[in-house]
Novice: 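One structure coming up, written as structure tokens, with questions to follow.
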Amino acid sequence: MSDPKEVNFVKEAKTVIPVNTAELTENDLQAADKLKAAYKSLAAQLGRVIVGQEDVIEELLIALFSRGHCILEGVPGLAKTLMISSLSKCLSLDFSRIQFTPDLMPSDITGTEVIEENRSTGNREFKFIQGPLFANMILADEINRTPPKTQAALLEAMQERQVTVGRIRHKLSDPFFVLATQNPIEQEGTYPLPEAQQDRFMFKIFVKYPSFKEEFDIARRTTTSTQDEISPVLSGAQILDLQRLVRRVPVTDHVLHYTLALVRQTRLSEPGAPKFIKEWLAWGAGPRATQYLILGGKARALLKGRTHVQTDDIAALALPVLRHRILTNFTAASEGISTDKVIERILRDTPSSEGELTKDERFKKIFAS
């Protein structure tokens, strides 16, 4: 184990960047080792019931340790629900599934007050009955199938970790993690999430079809009577400790500059924004995208066994963080340009080395604005 006050050097491209880890104590470094080991154990446990989807599982865990929420989008039958319920078992967390339907009311998920008679006094009193939101891990299944007023009932819970009923605030237990699913087909009769609510989700994760080998394993393993059991790996208290550890991971100024360069390029009015942004986007990402990229980069670094963040960590999370925070216009749609293609081009056009980034005239405008 290295000295926590030691200055490490991270080589990115042709630039050597000093990273000061003095903020991390010896206990923090030991906890980082435990987090890496726990990640391997979690992947192994989930591998008993989930075939493939390694990238999806990694992004879910990054969001969990960053104290964020996720939207999972994929066609039916890709084990989105099974993945989430299995993850809750691995983490020893209370799990609650809410099936969103057009007739679902806000009180159906937050809870409601009922009149109850006190048998000892005979008086009638209001008593709050908790809804399914009062759990550690919430599966909001097909969140776009319920009206906006019910979708909005999640906003306070996701942001403030509390529910207000009447004039009384009810605190939700920590950790609190919302995983919403969306079906990209059958959009008739659905209610797309408003941009303000999408921005509350740290990641939008695309769950894709399995490969041939993975689907072969799925067919062989799920059509027998054998069922694998999942063992808990982390407790709620341990997850809270790891969430606090993530925020103490140091970040260099260069990584911050790189992150800001990615996000601020998506804004049409930003000096230095490339021409294709103004041609393809209607609006860009806000400051919450920068925050989630940094927090996600810290969590990803720890999962990879590092106590410092690299530009590679930021670039790896650019798609799930930005794809639901930028909006393409009609021109992009007519040319078949998706938000992912826009983000991939931004990544290609943004140098990761400190020297190239700070000397580029276009990025000088962005940093000076």
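This chain uses plain numbering: 1 for the first residue, then up along the sequence.
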Novice: Just by distance, do the side chain of N144 and the backbone of P192 share a donor-acceptor pair under 3.5 Å?
Specialist: no

Novice: Going hydrophobic residue to hydrophobic residue with side-chain gaps under 4.5 angstrom, can you get from I57 over to V178?
Specialist: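 No, separate clusters.
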
Novice: Going by an N to O cut-off under 4.0 Å, is there a salt bridge joining R67 and D174?
Specialist: yes

Novice: Return yes when atom NZ of K149 has more than 12 non-hydrogen atoms of other residues, nucleotides or ligands closer than 6.0 Å, and no otherwise.
Specialist: no

Novice: For the pair E361 and K364, find out whether any cationic side-chain nitrogen is under 4.0 Å from an anionic carboxylate oxygen.
Specialist: yes

Novice: Inspect the surroundings of CZ in R221 and state if more than 12 heavy atoms from other residues, nucleotides or ligands are less than 6.0 Å away.
Specialist: yes

Novice: I want to check something: taking the side chain as every heavy atom from C-beta on, are V342 and I337 in contact at a cut-off of under 4.5 Å?
Specialist: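 They are in contact (side-chain heavy atoms under 4.5 Å apart), so the answer is yes.
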
Novice: So, K304 and D313, do they make that salt bridge, N to O below 4.0 Å?
Specialist: no

Novice: Using ring centroids (six-membered ring only for Trp), state whether H324 and F201 fall under 6.0 Å.
Specialist: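 Ring-ring flag for F201/H324: false, centres at least 6.0 Å apart.
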
Novice: Any non-hydrogen side-chain atom of L93 less than 4.5 Å from a side-chain atom of F177?
Specialist: no

Novice: Do V207 and F100 land in one hydrophobic cluster if side-chain heavy atoms of ILVMFWY residues count as linked below 4.5 Å?
Specialist: no

Novice: In the single-linkage hydrophobic clustering (I, L, V, M, F, W, Y; side-chain heavy atoms under 4.5 Å), do L268 and F367 co-cluster?
Specialist: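 Yes, because L268 and F367 connect within a single hydrophobic cluster, where side-chain heavy atoms sit under 4.5 Å apart.
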
Novice: Write down the atom of T266, the atom of A285, and the distance for their closest heavy-atom approach.
Specialist: OG1-N, 3.0 Å

Novice: Should we count CD of E214 as having more than 12 external heavy atoms under 6.0 Å?
Specialist: yes

Novice: List the steps, then state whether salt bridge (Lys or Arg N to Asp or Glu O under 4.0 Å) holds for K365 with E270.
Specialist: CA-CA 9 Å; K365 296 178 183 178; E270 185 71 27; over 6 Å; no

Novice: Any side-chain donor-acceptor pair under 3.5 Å between D103 and T101?
Specialist: yes

Novice: Between D241 and R244, is there a side-chain N and carboxylate O pair less than 4.0 Å apart?
Specialist: yes

Novice: Using 0.5 Å steps for rounding, measure from the CG atom of D217 to the CD atom of E215.
Specialist: 10.5 Å

